[in-house]
Amino acid sequence: MRKVSRIVLRTHTCGELRSNHLEENVTLCGWVDRVRDHKGVIFIDLRDRWGKAQIVIGPDAPAEVMERARAARSEWVISATGRVGRRPEGTTNPKLLTGEIEVVCSDLEILNEADTPAFQPGAKELPGEEVRLKNRWLDLRRTDMQNNLLLRSRIVKIMRDHFDELGFIDVETPMLGRSTPEGARDYLVPSRLDHGAFFALPQSPQLYKQLLMIAGFDRYVQVAKCFRDEDLRADRQPEFTQLDVEMSFVDANDVTSVIEDLVVKTAKKILDVDISLPLPQLTWAECMDRYGHDAPDLRFGLEIIDLTEDTKESDFRVFKSAVESGGKVRGILVSGAAEKFSRKDLDVLTAMAVDAGAKGLVWLKLDAAGLWTGPVAKNLGSVVAENIRTALDAKPGDLALISADSFDVTCKTLHTLRKHLGKKLNMYDQSSMHVSWVVDFPMFARDEESGNWAAMHHPFTAPHPEDLEKLTSNPAECRAVAYDLVINGSEAGGGTIRIHDRATQQKVFELLGISHDHAQERFGFLLDALSSGAPPHGGIALGIDRWVMLFGQLDSIRDVIAFPKTQRASDLMTGAPGQVDTKQLAELGVRTIIPPKAAGETNSNVK
RNA sequence: GGGGGUGUAGCUCAGUUGGUUAGAGCGCCAGCCUGUCACGCUGGAGGCCGCCGGUUCGAGUCCGGUCACCCUCGCCA
């Protein structure tokens with residue numbers, strides 16, 4: 001530990017002393033993790049970020065030191081000075097890195113007392129998340145959380161070094177920008193100097209980084225905070241961090257290669273895992289066909305098989321009506337699972353299917369004689385039954401789960417079941433990493449509410465060169481030059497090659513139902529910039545929070561964020577969001593339509 | 001906005017069919033203890049059973065509502 005100031009409170013950290021420090025006189029500072037008072041001798045486990053060390057206050061210690069040690073309580077901040085001694089034979093602690101030694105205390109100073117903590121940061125039992133978030137400073141004292149944030153710091157360092165070595169320039173972009181009604185809901189900030197006008201916090205620095213390319217910066221990178229006012233999930237926060245990247249004079253391959261090298265470095269340095277390049281690439285269409293999802297977990301098989309052709313002769317009403325209305329019959333085969341799933345288990349799977357939007361779920365078990373059994377088996381007809389058996393390559397004892405519905409619904413249903421079964425049946429190693437690209441996304445998808453075309457990625461995505469003509473003739477089949485990075489079934493990043501000419505950009509705006517005037521008003525600066533010498537460019541954004549979660553094998557994004565928000569986007573520690581003075585509102589020219597809550601009526605947990 | 005789960009001591013939880021004074025472990029406080037490391041032993045304090053209402057002779061337990069937290073669908077270009 002280097003001295004950072006002239007007032008040296010400590011000579012070493014709590015985690016660094018070893019037997020090579022024996023007989024040295026040291027001073028440690030930290031938090032009292034535990035006190036074991038044996039009257040004549042007191043042991044204090046002193047803890048800091050670097051580790052734990054045992055302080056011994058024996059009968060030889062000065063009386064006032066003994067007294068102070070006896071007074072010390074959990075989480076008090078103390079400094080202890082003494083000689084590094086070897087622990088007596090039989091009293092070493094192999095569980096501690098410093099377990100060979102102890103500090104024989106000659107002086108002890110209480111730097112700060114502490115109230116009894118709401119929970120013990122050193123305890124094995126993890127408190128409920130509400131308690132952890134309310135007392136986040138205590139939660140962050142826990143070794144797990146300290147390791148998580150350390151991991152995050154290391155990953156961000158790897159990212160920064162990687163892009164620095166490749167000549168990328170870190171440029172900051174504004175947090176106060178203009179609202180764009182497309183995409184996610186914006187967080188708004190009222191303008192004091194222009195009443196009735198609002199800034200929006202960035203959903204991503206998308207347009208700014210494109211303008212940096214047009215300005216000639218060539219290679220841009222930023223660790224960028226992004227804000228989206230949408231509902232939360234275990235892997236979603238209203239404010240999150242992206243590693244934002246943009247490059248000029250590149251095609252998709254140039255961008256993905258840069259990221260692939262980063263994936264390899266990160267996996268090697270963090271997990272000591274070797275990832276071979278190039279990463280597998282699946283097209284979006286292939287993903288939907290084989291896995292029913294655009295970010296499939298490829299750590300296991302359980303692929304979807306299309307049975308539409310095999311079942312078209314069937315009189316079974318469920319299959320027939322699905323196909324007649326333009327849908328599909330598709331299924332997955334769960335090998336050897338027939339016996340593992342009782343009627344009750346299958347009811348649960350059916351409920352999951354219904355939850356995913358299906359009308360029901362067809363399940364079939366292949367018996368020893370090679371015949372399908374199950375409530376609808378007799379409705380199939382022998383030809384169709386045999387077709388299904390062949391198509392699925394089913395063996396006696398196998399379970400088939402079949403969904404007959406629109407293509408979209410079968411995707412959703414079978415994806416849900418696949419994900420559930422993969423985990424439940426332990427079909428993969430939880431700690432393994434599978435990284436791949438999903439490419440050739442469609443440019444557009446129908447917006448279900450309005451029926452209009454909506455950009456699948458964002459409105460600045462370049463159409464696939466081969467599909468340029470389809471942009472007008474057949475937008476539904478026009479592919480985009482887009483690529484998503486998928487790790488273990490989680491979207492860990494996504495990017496596109498951008499439109500770099502004004503005419504194409506205007507055409508895409510038109511298709512999205514953004515009128516000429518509206519486009520001019522909202523994106524005029526982009527259109528002007530595009531017609532002022534815009535280089536071909538493209539980029540990607542990586543979700544840093546998700547990367548840390550995935551590389552740290554954690555289940556919640558909140559565990560890799562120092563001060564996260566709850567599902568209702570509130571901060572239990574500070575009480576944000578909170579009420580403001582009417583005076584503040586008046587200055588901003590803002591009035592709320594809900595009367596201010598009386599004191600004590602707020603949701604705030606702050607006393 | 002919809003579905004599901006949880007809410008009992010500071011923390012983690014148990015609490016039977018609705019029935020006496022709501023329990024345990026950890027923590028806290030006091031005492032004892034010279035080699036512990038989840039120290040040990042003895043004693044003690046600590047409860048708006050989330051909140052509001054209802055049913056009942058009687059509610060932690062049943063019913064309705066509500067709030068918070070978590071998971072999830074919608075949503076997240």
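Lettering of chains follows the sequences in order, A, B, ..., and the numbering in each one begins at 1.
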**Asked** Across all strands shown, which nucleotide pairs with U6(B) by Watson-Crick or G-U wobble geometry, both distances under 3.5 Å?
**Response**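 WC or wobble partner is A68(B).
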
**Asked** Taking a pair as Watson-Crick or G-U wobble with both distances under 3.5 Å, which nucleotide is matched to U20(B)?
**Response**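 For U20(B), the partner nucleotide comes out as none, under the 3.5 Å rule.
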
Minimum-distance nucleotide (side-chain atoms of [X] versus [options]):
| X | options | answer |
| --- | --- | --- |
| Arg236(A) | C69(B), C75(B), C33(B) | C75(B) |
| Thr116(A) | U36(B), C70(B), G27(B) | G27(B) |
| Pro59(A) | G35(B), C71(B), U34(B) | U34(B) |
| Arg36(A) | A68(B), C33(B), U36(B) | U36(B) |
| Asp231(A) | C75(B), A38(B), A68(B) | C75(B) |

**Request:** For the residue pair Glu510(A) and Gln506(A), confirm or rule out a side-chain donor-acceptor distance under 3.5 Å.
**Result:**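 Result is no, nothing qualifies.
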
For a quick test of reading the model: is some side-chain N or O of [X] closer than 4.0 Å to OP1 or OP2 of [N]?
| X | N | result |
| --- | --- | --- |
| Arg568(A) | C70(B) | no |
| Gln567(A) | C71(B) | yes |
| Ser570(A) | C69(B) | yes |
| Arg34(A) | C39(B) | yes |
| Lys124(A) | A38(B) | no |
| Lys95(A) | A38(B) | yes |
| Lys412(A) | G74(B) | yes |

Would the base of [N] count as contacting [X] through its side chain, where contact means a donor and an acceptor less than 3.5 Å apart?
| X | N | value |
| --- | --- | --- |
| Arg87(A) | C37(B) | yes |
| Asp355(A) | G3(B) | no |
| Arg228(A) | C76(B) | no |
| Arg233(A) | G74(B) | yes |
| Asn93(A) | C37(B) | yes |
| Glu102(A) | G35(B) | yes |

What is the nucleic acid contact for [X], judged by heavy atoms within less than 4.0 Å: base, sugar-phosphate only, or nothing?
| X | value |
| --- | --- |
| Arg132(A) | nothing |
| Thr496(A) | nothing |
| Thr416(A) | nothing |
| Ala454(A) | nothing |
| Asp229(A) | nothing |

**Prompt:** Hey, is CZ on Arg446(A) packed in by over 12 heavy atoms from elsewhere, all under 6.0 Å?
**Reply:**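 Correct, the count exceeds 12.
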
Presence of salt bridge, [Y] and [X], under 4.0 angstrom:
| X | Y | value |
| --- | --- | --- |
| Asp235(A) | Arg546(A) | yes |
| Arg87(A) | Glu100(A) | no |
| Glu246(A) | Arg498(A) | yes |

**Asked** When the ring planes of Phe441(A) and Trp284(A) are compared, do they come out parallel, tilted or perpendicular, using 30° and 60° as the limits?
**Response**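 Geometry flag for Trp284(A) against Phe441(A): tilted rings.
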
Specify the separation, in whole Å, of atom [atom1] of [X] and atom [atom2] of [N].
| X | N | atom1 | atom2 | value |
| --- | --- | --- | --- | --- |
| Gln206(A) | C76(B) | CD | P | 17 Å |
| Arg185(A) | G1(B) | CZ | C1' | 11 Å |
| Leu96(A) | A38(B) | CG | P | 9 Å |
| Glu182(A) | C76(B) | CD | P | 12 Å |
| Asp37(A) | G40(B) | CG | P | 13 Å |
| Lys39(A) | C39(B) | NZ | C1' | 16 Å |
| His38(A) | G31(B) | NE2 | P | 17 Å |
| Gln54(A) | C39(B) | CD | P | 11 Å |

**Request:** Could you say whether His458(A) or Leu133(A) is positioned toward the 5' end of RNA chain B, judged by the nucleotide with the nearest heavy atom to each?
**Result:**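 It is Leu133(A) whose nearest nucleotide is closer to the 5' end.
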
**Message:** Nearest heavy atom decides the nucleotide; on that basis, is Asp235(A) or Gly183(A) closer to the 5' end of RNA chain B?
**Reply:**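 Closer to the 5' end of RNA chain B: Asp235(A).
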
Could you pull out the closest heavy-atom pair between [X] and [Y], with the gap in Å?
| X | Y | value |
| --- | --- | --- |
| Cys105(A) | Ile57(A) | CB-CG1, 3.8 Å |
| Gly177(A) | Tyr208(A) | CA-OH, 3.8 Å |
| Leu401(A) | Leu414(A) | O-CD2, 4.0 Å |

**Asked** Between His458(A) and Phe460(A), is the gap from one ring center to the other below 6.0 Å?
**Response**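 Distance test on ring centres: under 6.0 Å, yes.
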
Identify the pairs formed between an N or O of the protein and an N or O of nucleotides 10-13 of chain B at a distance under 3.5 Å, and give each distance.
unit_1: G10(B); atom_1: O2'; unit_2: Ala118(A); atom_2: O; d: 2.7
unit_1: C11(B); atom_1: O4'; unit_2: Ala118(A); atom_2: O; d: 3.4
unit_1: U12(B); atom_1: OP1; unit_2: Gly128(A); atom_2: N; d: 2.4
unit_1: U12(B); atom_1: O2'; unit_2: Glu125(A); atom_2: OE2; d: 3.2

**Message:** Distance check, C1' atoms only: C63(B) and G43(B), in whole angstrom units.
**Reply:**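 Approximately 44 Å lies between the C1' atom of C63(B) and that of G43(B).
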
